[in-house]
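Sequence lines set the chain letters: A, B, ... in the order given, protein chains first and strands last, and positions in each chain run from 1.
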Amino acid sequence: MSVVVRFAPSPTGGLHIGGVRTALYNYLFARKHKGRFILRIEDTDQTRFVEGAEDYIINSLKWCGIEFNEGVHLGGPCVPYRQSERKELYAGYARQLIESGAGYYAFDTPTELDEMRARLEASGIKSPQYNSITRSTMKNSLTLPQEEVQRRVDAGDPYVIRLKVPRKEEVRFHDEVRGWVVIHSSQVDDKVLMKSDGMPTYHMANVVDDHTMGITHVIRGEEWLSSTPLHVLLYRAFGWEDTMPKFAHLPLILKPEGTGKLSKRDADKFPQFPLAFTDAEGKTYKGFKELGYLPEALINFLALLGWNPGGDEEIMDLDRMTEAFSLERIGKSGTKYDLAKAEWFNQVYLRKRTDEELIEPVKIELQKEGIEIPTDAFLLRFISLMKERVTFLKDFIAQGRYFFETPQVYDEGFKQNKWVPEAPVWMIEIAKQFETVENWQTSELESCLKHWVSKHELSLGKVLPAFRLAITGLGYGPVTFEVAQTIGKTETLLRLNKATEIK
RNA sequence: UCCCAUAUAGUCUAGUGGUUAGGAUAUGGCCCUUUCAAGGCCGAGACCCGAGUUCAAUUCUCGGUAUGGGAACCA
């Protein structure tokens with residue numbers, strides 16, 4: 001049987017990193033088994049719908065290199081892929097449940113439900129549930145006379161449809177990452193399947209869709225583990241138990257500090273979204289892309305957050321991950337979201353790229369800073385000099401701005417230590433020497449300066465740092481002669497002369 | 001409170017009934033580079049606790065504890 005998996009986000013905001021990882025694992029699993037990967041949109045909660053979220057999710061995954069075979073944006077044999085457009089389908093199946101006796105109508109108002117919970121709590125019941133015991137005290141088609149139920153339904157009274165969960169039954173299922181999980185049905189309440197607005201709840205919709213779309217493996221976050229017994233009961237109620245998908249619940253990604261699972265609400269504390277995202281209040285959060293992360297680094301980092309191929313292998317592209325991927329090697333425990341490792345991956349991948357491959361991304365960074373874009377040849381030299389010492393794309397500019405602009409400020413700390421009183425005179429002298437250099441090459445400049453230093457019996461250890469400060473304004477960076485060669489003779493002489501201003 | 005799951009250095013993890021418990025990252029030091037980064041070398045750092053089974057338990061069993069998730073007409 002060929003594998004069919006799905007990623008089923010709800011369009012309620014930005015796609016956070018946990019979602020990206022879930023999508024990634026589904027993608028890897030599908031590719032590994034040459035199966036199909038579906039993007040389904042779970043928009044059954046109309047009150048939480050966020051405009052543009054769907055496109056955002058698609059674009060984010062695309063940037064990460066995660067592609068689907070079918071889905072809301074691609075079409076496919078199971079259209080529509082948006083749950084709000086499948087409303088009729090669920091209604092039909094809900095009716096089937098009513099007819100078979102597995103489900104029932106409930107007319108209780110939110111106030112009545114609150115009262116019920118309050119009543120139960122008052123009588124010492126710790127977690128009040130609408131279940132096999134309490135349903136007999138509520139207003140539903142199990143307690144109301146048949147005629148009244150019919151009258152209310154015909155009259156259009158608001159109602160929900162609940163699952164009639166069996167009183168005493170052991171529900172067990174095999175989780176692909178955790179093994180057998182057993183829960184007693186008394187722990188499961190009579191969950192709402194169809195809401196009074198006619199929309200299904202997640203529980204109803206995901207079971208119906210997974211079944212009708214032929215999903216073979218449900219790979220999702222651990223937050224769903226507790227409601228899986230309910231889903232199993234639903235498959236049973238529909239008579240679909242034989243073709244029920246396999247479940248694999250992924251360990252949650254936890255906040256880097258403190259406790260709790262990572263949530264979108266933490267986005268202002270640390271990056272969480274692949275691409276920049278603006279929420280309903282108009283607040284914009286930078287994405288990994290905007291922060292200068294490379295998608296291959298993000299993906300590699302995420303892949304290893306909860307999964308590993310078994311050996312020491314760490315640097316893997318999507319092809320390699322696909323080859324190595326298996327559900328069995330997914331970990332069981334929650335993992336802290338530690339960006340230090342992500343930064344390391346980014347540095348590795350930045351260096352893996354050829355200089356040519358970095359031209360375009362670096363141009364974008366320059367644009368952002370409003371810096372005039374020089375020739376590709378200049379850029380290539382710049383990139384090759386800087387590549388080894390940056391972690392993020394933005395570092396090219398943050399640490400190498402002086403390649404494009406004459407320094408206006410000079411690093412204070414370095415200046416105090418290295419800018420000796422004689423330095424201004426030296427710079428003027430060096431400028432004079434450099435003026436005579438015909439062949440403006442690193443090696444020429446180096447030997448010219450060294451020759452001058454030894455002639456005047458000066459120390460290279462004193463002159464070189466001052467030279468660096470004059471040329472770059474900073475205390476670190478590529479070999480200063482390389483910088484001088486790159487920016488050219490005119491600019492070098494200019495900077496040396498300007499250095500007399502340094503106090 | 002109830003239910004479920006989980007537990008190896010700060011973090012991500014490998015692994016085993018007998019191992020000097022391995023790797024990565026982060027961190028400290030040294031070398032290299034007259035800088036910074038990269039690289040190289042060295043260092044410190046872990047099997048949640050308690051019983052039981054066993055010649056032997058980090059590994060198996062049970063019990064605690066802690067952490068995380070769930071307990072919506074949210075997903």
| message | Taking 4.0 Å as the cut-off, does a side-chain nitrogen or oxygen of A/Lys195 come that near to OP1 or OP2 on B/rA75? | response | yes
| query | CZ of A/Arg351 versus C1' of B/rA37: gap in Å, rounded? | reply | 9 Å
| NA contact type, A/Gln399, heavy-atom cut-off 4.0 Å: base, sugar-phosphate, or nothing? | nothing
| Does atom NZ of A/Lys264 have more than 12 heavy-atom neighbours from other groups under 6.0 Å away? | yes
| message | Regarding A/Val192, tell me which of base, sugar-phosphate or nothing describes its non-hydrogen contacts under 4.0 Å with the strands shown. | response | sugar-phosphate
| query | Between A/Lys269 and A/Asp266, is there a side-chain N and carboxylate O pair less than 4.0 Å apart? | reply | yes
| query | Within the pair A/Asn308 and B/rU13, is there a side-chain N or O less than 4.0 Å away from OP1 or OP2? | reply | no
| Touch class at under 4.0 angstrom, heavy-atom based, for A/Leu464 against every strand present | base
| request: To the nearest Å, give me how far apart CD1 (A/Ile315) and C1' (B/rC12) are. | output: 13 Å
| message | Within the 4.0 Å heavy-atom criterion, would you say A/Arg329 contacts the bases, only the backbone, or no part of the nucleic acid? | response | sugar-phosphate
| query | Has A/Arg162 got a side-chain N or O lying under 4.0 Å from the OP1 or OP2 atom of B/rC73? | reply | yes
| field | Atom pair distance, as rounded to whole Å: NZ in A/Lys462 and C1' in B/rU35 | value | 16 Å
| query | For A/Thr44, which contact category applies under a 4.0 Å heavy-atom criterion: base, sugar-phosphate, or nothing? | reply | sugar-phosphate
| request: Establish, with yes or no, whether the OP1 or OP2 oxygen of B/rA38 is under 4.0 angstrom from a side-chain nitrogen or oxygen of A/Lys387. | output: no
| message | Counting the atoms with a prime plus P, OP1 and OP2 as sugar-phosphate, which does A/Val390 contact under 4.0 Å by heavy atoms, base, sugar-phosphate, or nothing? | response | nothing
| message | Which residue is it: A/Lys352, A/Arg320, A/Arg353? I am looking for the one with a salt bridge (charged side-chain N to carboxylate O under 4.0 Å, His left out) to A/Glu296. | response | A/Arg353
| Counter-base of B/rU1, judged by Watson-Crick or G-U geometry with both distances under 3.5 Å | B/rA71
| field | Under 3.5 Å on both distances, the Watson-Crick or G-U partner of B/rU20 | value | none
| Please give, in whole Å, the distance from B/rG69 C1' to A/Asp175 CG? | 13 Å
| Over how many whole Å does the gap from A/Asp338 atom CG to B/rU11 atom C1' extend? | 5 Å
| What is the distance, rounded to the nearest whole Å, between atom CH2 of A/Trp224 and atom P of B/rA75? | 7 Å
| remark: B/S/- along nucleotides 3-8 of chain B (protein heavy atoms under 4.0 Å) is SSSSS-
| field | Of A/Asp209, A/Asp45, A/Asn206, the residue whose pairing with A/Gln83 passes side chain to side chain donor-acceptor pair (under 3.5 Å) | value | A/Asp209
| task | Quick one: look up who B/rA37 pairs with, Watson-Crick or G-U, both distances under 3.5 Å, and put none if it's unpaired. | result | none
| note | Taken to the nearest whole Å, CG/A/Leu120 to P/B/rA71 is 18 Å
| said: With a 6.0 Å cut-off (strictly less than), is the heavy-atom count around CD of A/Glu357, excluding the residue itself, greater than 12? | reply: yes
| Counting side-chain heavy atoms from C-beta on, which of B/rG68, B/rA75, B/rA71 comes nearest to A/Leu252? | B/rG68
| note | Answer for the Watson-Crick or wobble partner of B/rC48, both distances under 3.5 Å, is B/rG64
| query | Angle class for the A/Phe325/A/Trp307 ring planes (parallel below 30°, perpendicular above 60°, tilted otherwise)? | reply | tilted
| message | For a quick check of understanding: with a heavy-atom distance under 4.0 Å over all strands, which category does A/Asn131 fall into, base, sugar-phosphate or nothing? | response | nothing
| task | Using a heavy-atom cut-off of under 4.0 Å over every strand shown, decide if A/Gly306 touches base, sugar-phosphate, or nothing. | result | sugar-phosphate
| query | Are A/Tyr56 and A/Phe277 near enough that their ring centres are under 6.0 Å apart? | reply | yes
| said: Salt bridge check, A/Glu169 against A/Arg167: does any charged N sit closer than 4.0 Å to a carboxylate O? | reply: no
| Under 3.5 Å side-chain donor-acceptor pair for A/Thr391 and A/Asn346 | no
| task | Name the nucleic acid region contacted by A/Gly310, choosing base, sugar-phosphate or nothing; use a 4.0 angstrom heavy-atom cut-off, strictly under. | result | sugar-phosphate
| said: Looking at B/rG70, I'd like to know if its phosphate oxygens (OP1 or OP2) sit under 4.0 Å from a side-chain N or O belonging to A/Lys261. | reply: yes
| said: Under a 3.5 Å cut-off for both contacts, is B/rU25 paired Watson-Crick or G-U wobble with anything, and if yes, with which nucleotide? | reply: B/rG10
| task | Please work out if A/Ser227 contacts a base, only the sugar-phosphate, or nothing of the nucleic acid, heavy-atom cut-off 4.0 Å. | result | nothing
